[in-house]
J.: 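Sharing a structure below in structure tokens format, with a few things to ask.
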Amino acid sequence: MADEIGSPYHGPAGGAATIKAIDDVLAEQGLAESGRPDLLHMNQHDGFVCPSCAWPEPRRHRSDEHLFCENGSKAFAWEATTRRCTPEFFAAHTVAELTSWGDYELELEGRLTHPMAYDPASDKYTPIVWEEAFARIGAALQSLDRASQAEFYTSGRTSNEAAFLYQLFGREFGTNNFPDCSNMCHEATSVGLPVSIGIGKGTVCLEDFDLADAIFIFGQNPGTNSPRMMSRLRNASRRGAVIVSFNPFRERALEVFAAPEDHQEVATGQGTPISRRLLQVRVGGDVAALKGIMKALLAMDEAPTVTGRNRVLDWDFIREHTAGLESLLADLRATSWDAIVRVSGLSQLQLEEIAQFYAAAHATVFVYGMGITQHRRGTETVQCLVNLALLRGNIGRAGAGICPVRGHSNVQGDRSMGIWEKPPADMLDRLRDAFGFEPPRDRGHDTVVALEAMVRGEARAFIGLGGNFATAVPDTPIIHAAMRRLDLTVQVSTKLNRGHLVHGRQAFILPCLGRTERDFQATGVQRVTVEDSMSVVKSSGGINPPASEHLLSEPAIVAGIARATLGQRSKVAWEWLVADYSRIRDKIAAVFPLFEGYNERLKDPDGFTLANTASERIWNTPSGRANFVVFSGLDEDEPEITADIVWLTTMRSHDQFNTTLYSRSDRYRGIKDERMVLFVGESAMQRQGFAAGDLVDVETVLTDRVERVVKGFRVQPYQLPDGCCGAYFPEANPLMPLYLYDAMSHTPSAKGIPVRLRRTSVPAS
Ligand SMILES: Nc1nc2c(c(=O)[nH]1)N[C@H]1C(S)=C(S)[C@@H](COP(=O)(O)OP(=O)(O)OC[C@H]3O[C@@H](n4cnc5c(=O)[nH]c(N)nc54)[C@H](O)[C@@H]3O)O[C@H]1N2
Ligand SMILES: Nc1nc2c(c(=O)[nH]1)N[C@H]1C(S)=C(S)[C@@H](COP(=O)(O)OP(=O)(O)OC[C@H]3O[C@@H](n4cnc5c(=O)[nH]c(N)nc54)[C@H](O)[C@@H]3O)O[C@H]1N2
Ligand SMILES: [Mo]
């Protein structure tokens with residue numbers, strides 16, 4: 001029985017199971033023969049950048065070093081698959097029928113092969129030739145009353161070249177409406193860090209992981225979401241660095257990890273312990289934990305010793321480089337340990353011990369992910385984390401710094417290319433000078449604002465450059481209804497997904513090349529460029545033939561739509577740019593000074609690193625200093641936690657990439673072939689009288705009048721802090737209210753949803 005409902009994972013993360021998982025996914029996608037040799041090209045100089053996460057690879061690595069991981073292999077197999085989703089498939093299924101399919105089944109159909117247009121008479125997608133698709137899309141966009149009625153969404157797999165052309169098109173068309181996946185992800189970083197340290201990106205490089213004495217990991221699950229980071233953590237742990245993780249879930253890879261390339265660890269099943277402490281902070285309790293550590297640190301700093309004072313704050317750094325310390329100290333003094341303990345779910349002793357680890361470490365790296373950013377006060381939480389770093393001067397020196405782990409492999413690059421609803425004036429000036437048109441100056445729509453415009457019926461057209469917008473966003477039932485009222489939906493995609501089924505009056509699926517495929521244009525084979533989580537820009541070239549002869553590259557598709565929409569009035573030589581991507585890069589260099597000499601600098605096969613002021617201790621803030629920013633109060637997630645409210649967090653399984661499901665299992669959390677699982681802590685189980693395997697309905701506790709219920713989750717008892725539960729994204733997205741977002745960054749609160757649980761009224765089928 002215990003096995004049927006899933007059991008926790010006892011071996012180390014990684015190890016033999018990883019090797020088997022890679023073999024399994026290659027075989028499933030028809031790549032048993034070709035897959036392994038192809039994977040050797042991943043992240044290598046002559047090959048393609050992994051289409052999965054944004055974790056960087058080492059510079060000047062040995063050429064025989066494997067630079068792929070389990071989940072990168074899944075992403076590769078998912079794209080390089082031999083399965084095809086052809087016009088015959090679409091002829092056999094109406095959209096209404098496909099809507100009843102699961103997300104897993106939809107993508108399993110394989111690569112899209114032909115451009116398709118929705119035919120309302122048959123409720124089916126039918127093939128269309130590219131030029132006609134472009135012409136109809138262009139006509140629909142031209143028919144809008146205002147350019148701002150169109151939403152230009154980008155997902156973070158898009159190359160720099162495609163992203164640059166896309167923003168160029170949107171702006172020449174007349175709008176800054178560029179909602180992107182980053183708005184649901186690290187926007188709190190992009191908004192919070194500039195106030196604190198004057199730049200919206202992380203300050204560390206890979207080598208800092210080898211020099212750090214301590215590594216603190218907040219709300220990030222590297223064993224699943226950036227597995228190549230595990231080798232850094234493993235090395236750090238082995239040389240005695242203190243790793244501390246803050247996570248409501250005891251994620252297996254944060255406990256112990258066996259490197260798949262270490263034959264001994266694989267053979268013995270003995271991994272390397274990773275976290276010295278894994279603190280099961282409550283969902284939304286990170287600010288309280290951070291304040292507790294800072295409060296303990298302050299007490300240590302003030303404690304008299306025989307030799308005078310035992311200074312643990314870096315006073316020289318604070319005096320020379322920072323502003324705002326007094327307010328921070330006043331806030332810490334005014335915050336009681338009782339409150340800290342209650343909200344964090346951690347004891348004073350636990351937090352004091354972490355403060356001691358921190359004080360003993362000469363250099364500390366602060367890693368964080370979605371557990372920090374996807375909260376109602378995510379931006380301020382990021383800033384609170386920076387406060388802790390600044391107290392000991394842990395920014396801008398070796399082995400220390402802030403490490404936001406970005407999601408999609410080029411999400412950071414897309415922003416660098418101007419996929420941004422609030423473009424700086426100087427960027428727009430340079431865009432005008434480079435192309436000779438006047439770009440719009442008003443603020444455009446981010447994801448939340450775009451969704452609101454759809455719900456109000458103001459938005460009329462949606463174009464998605466990659467991704468699965470309709471599935472990834474909050475309040476999915478409400479948004480689906482709104483998107484079905486749009487005049488036009490266009491999706492540039494590699495695989496069939498729910499976004500194609502949630503369509504407007506006119507709808508198009510435009511299939512594109514993936515990163516693993518060779519990209520031929522008029523002047524020959526092209527390479528694209530991407531920027532990783534540590535601001536390293538490098539080039540990527542596909543190795544496989546295209547999945548279908550009818551595919552176009554993303555830059556070619558954007559250019560096709562642009563030409564058809566703007567016609568004679570365009571000032572951009574679209575075809576000329578697409579014929580040779582180095583021409584696009586020259587234009588990028590003209591618009592973005594950080595990319596000066598772009599093509600030249602790419603000659604280094606390791607790519608180049610974009611300048612980062614904060615890592616040089618240059619603080620690009622109005623005061624010219626790094627700022628301590630006070631987080632008022634402790635509760636990241638109001639309203640008050642009352643007895644029957646449980647905080648729901650939503651996260652990824654080990655077998656998914658966002659809305660793409662590689663399987664329905666979640667190895668490290670002991671879940672086999674199911675997704676409608678609700679992880680519930682023992683105390684909540686007892687209070688509610690639930691037993692393992694019970695079916696429950698989850699209802700969002702709200703302040704508006706909309707009912708948000710998802711029925712039929714199976715209860716999985718789990719070791720979690722009191723008052724917390726967890727479910728998978730995107731199954732739980734109907735529970736996530738659109739209005740529940742961080743006011744500063746508009747990041748939806750995917751990691752803090754107040755819910756009530758009750759036994760299911762209608763048995764789930
Ligand atoms: N294989 C794979 N790789 C991926 C992705 C994928 O889906 N699959 N997605 C990519 C993308 S776009 C992104 S943004 C990243 C996401 O990577 P992560 O940031 O790791 O994202 P999540 O899995 O959503 O959640 C991270 C962790 O936060 C914890 N958590 C939840 N709530 C809280 C909280 O309140 N406080 C704290 N401290 N922790 C909390 C969860 O238990 C989980 O371990 O990964 C990228 N890489
Ligand atoms: N509840 C909840 N919601 C969340 C999150 C959460 O943690 N919890 N996380 C949020 C985060 S961090 C993010 S980043 C978003 C993700 O939102 P998105 O980035 O929009 O979603 P993905 O699932 O990554 O997109 C998958 C689709 O991308 C297409 N695709 C894959 N490769 C390519 C390519 O090379 N080119 C093109 N054009 N298309 C391609 C395929 O058709 C595939 O179906 O979701 C957010 N939503
Ligand atoms: Mo993300």
Side-chain angles (χ1 to χ4, degrees), residues 51-55 69-72 74-75 78-79 103 106-107 112 153-159 162 180-186 217-227 245-251 254 279 281-286 289 368-375 381 405-409 411 447 464-474 491-500 509-516 554 557 636-637 647 649-660 662 720 724 726-733 735-736 747-748 750-753:
S52 192
C53 79
W55 189 256
C69 70
E70 175 181 339
N71 282 343
K74 290 175 194 160
W78 220 241
E79 181 174 303
D103 294 321
L106 290 173
E107 283 210 31
L112 297 159
Y153 177 71
T154 314
S155 170
R157 220 173 263 197
T158 298
S159 66
D180 73 344
C181 69
S182 184
N183 298 146
M184 299 179 263
C185 185
H186 263 293
I217 307 171
F218 290 83
Q220 198 243 344
N221 185 14
T224 288
N225 295 322
S226 47
S245 299
F246 299 80
N247 200 311
F249 280 73
R250 299 193 69 85
E251 305 292 16
L254 294 174
L279 297 189
V281 64
R282 280 171 85 146
V283 166
D286 298 273
Y368 68 93
M370 297 299 99
I372 290 293
T373 60
Q374 294 178 329
H375 281 283
T381 307
V405 183
R406 301 273 169 176
H408 269 291
S409 52
V411 62
T447 292
L465 186 55
N468 188 355
F469 182 80
T471 310
V473 296
Q491 316 268 353
V492 181
S493 311
T494 52
K495 291 278 196 85
L496 181 63
N497 65 43
R498 195 159 304 283
H500 305 123
I509 302 174
L510 306 181
C512 65
L513 293 174
R515 202 180 285 163
T516 58
E554 289 183 348
I557 294 173
E636 242 207 69
D637 287 303
W647 285 97
T649 191
T650 63
M651 72 276 162
R652 292 148 171 84
S653 77
H654 189 60
D655 254 7
Q656 75 182 87
F657 191 96
N658 299 339
T659 68
T660 294
Y662 302 125
L720 284 175
C724 309
Y728 294 123
F729 147 52
E731 283 76 1
N733 283 37
L735 296 168
M736 197 163 113
T747 311
K751 298 282 188 279
I753 308 168

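Remember, it's 1-based here, ligands and their atoms both numbered in the order they're listed.
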J.: Taking 4.0 angstrom as the limit and counting only heavy atoms of Thr224, give me the atoms of ligand 1 inside it, by number and element.
T.: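 Counting from 1, the qualifying ligand atoms are 1 (N), 2 (C), 3 (N).
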J.: List ligand 2 atoms under 4.0 Å from Gly466, heavy atoms only on the residue side.
T.: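 Ligand 2 atoms under the 4.0 Å threshold to Gly466: 37 (C), 38 (N), 39 (N).
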J.: Checking His186 against Thr373 for the side chain to side chain donor-acceptor pair (under 3.5 Å) test, could you report, in this order, the C-alpha distance in whole Å, the side-chain angles of both residues, the deciding distance, and whether it holds?
T.: CA-CA 6 Å; His186 263 293; Thr373 60; 4.7 Å; no
J.: So is there a nitrogen or oxygen of His375 less than 3.5 Å from a nitrogen or oxygen in ligand 1?
T.: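 There is such a contact, yes.
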J.: Among all protein heavy atoms, pick the one closest to atom 19 (O) of ligand 2 and tell me residue, atom and distance.
T.: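 So the nearest neighbour among protein heavy atoms is Ser155 OG, 2.7 Å.
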J.: What protein heavy atom sits nearest atom 36 (N) of ligand 2, and how far off is it?
T.: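 Here the closest protein heavy atom is Glu554 OE2, 2.6 Å.
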J.: With heavy-atom distances below 4.0 Å as the criterion, list the atoms of ligand 2 near Cys185.
T.: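 Within the 4.0 Å cut-off of Cys185, ligand 2 contributes 12 (S).
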J.: So is Met651 touching ligand 2 or not, going by heavy atoms under 4.0 Å?
T.: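 No; Met651 lies far enough from ligand 2 that no heavy-atom distance drops under 4.0 Å.
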J.: Run down the list Met370, Arg652, Glu731 and name the one with the heavy atom closest to atom 11 (C) of ligand 2.
T.: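 Comparing heavy atoms across Met370, Arg652, Glu731, the nearest one to atom 11 (C) of ligand 2 lies in Arg652.
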J.: Which residue holds the protein heavy atom closest to atom 31 (C) of ligand 2, what is that atom called, and what is the gap in Å?
T.: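 The protein heavy atom lying closest is Thr494 OG1, 3.2 Å.
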J.: Quick one: does Lys74's side chain get under 4.5 Å of Phe657's, heavy atoms only?
T.: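 No, every pair of side-chain atoms sits at 4.5 Å or beyond.
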J.: With atoms numbered from 1 as shown, which atoms in ligand 2 lie under 4.0 angstrom from a non-hydrogen atom of Lys751?
T.: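 Those of ligand 2 that fall under 4.0 Å from Lys751 are 7 (O).
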J.: Does Met736 come within less than 4.0 Å of ligand 2, judged by its heavy atoms?
T.: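 Checking ligand 2 against Met736, which is what was asked, there is a heavy-atom contact under 4.0 Å.
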J.: How far is atom 17 (O) of ligand 2 from its nearest protein heavy atom, and which residue and atom name does that atom have?
T.: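 Nearest protein contact, heavy atoms only, for atom 17 (O) of ligand 2 is Ala472 CB, 3.3 Å.
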J.: Pairs of nitrogen or oxygen atoms closer than 3.5 Å, one from Gln656 and one from ligand 1: do any exist?
T.: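 There is such a contact, yes.
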J.: Which of the numbered atoms in ligand 2 are below 4.0 angstrom from a heavy atom of Cys512?
T.: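 Matching atoms, with element in brackets: 36 (N), 37 (C), 38 (N).
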J.: Report, in ascending order of atom number, the atoms of ligand 1 lying under 4.0 Å from any heavy atom of Pro248.
T.: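 Within the 4.0 Å cut-off of Pro248, ligand 1 contributes 30 (N), 33 (C), 37 (C), 39 (N), 40 (C).
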J.: Taking only heavy atoms of Glu107 into account, list the atoms of ligand 2 that are under 4.0 Å away from them.
T.: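 Those atoms are 43 (C), 44 (O).
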J.: What do you reckon, does Ser226 have a nitrogen or oxygen under 3.5 Å from a nitrogen or oxygen of ligand 1?
T.: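 No; the residue has no nitrogen or oxygen that sits under 3.5 Å from a nitrogen or oxygen of the ligand.
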J.: At less than 4.0 angstrom from any non-hydrogen atom of Cys53, what atoms of ligand 1 do you find?
T.: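 What qualifies from ligand 1 is 47 (N).
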J.: Could you list which atoms of ligand 2 come closer than 4.0 Å to a heavy atom of Tyr153?
T.: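 The list of qualifying atoms is 17 (O), 18 (P), 19 (O), 20 (O).
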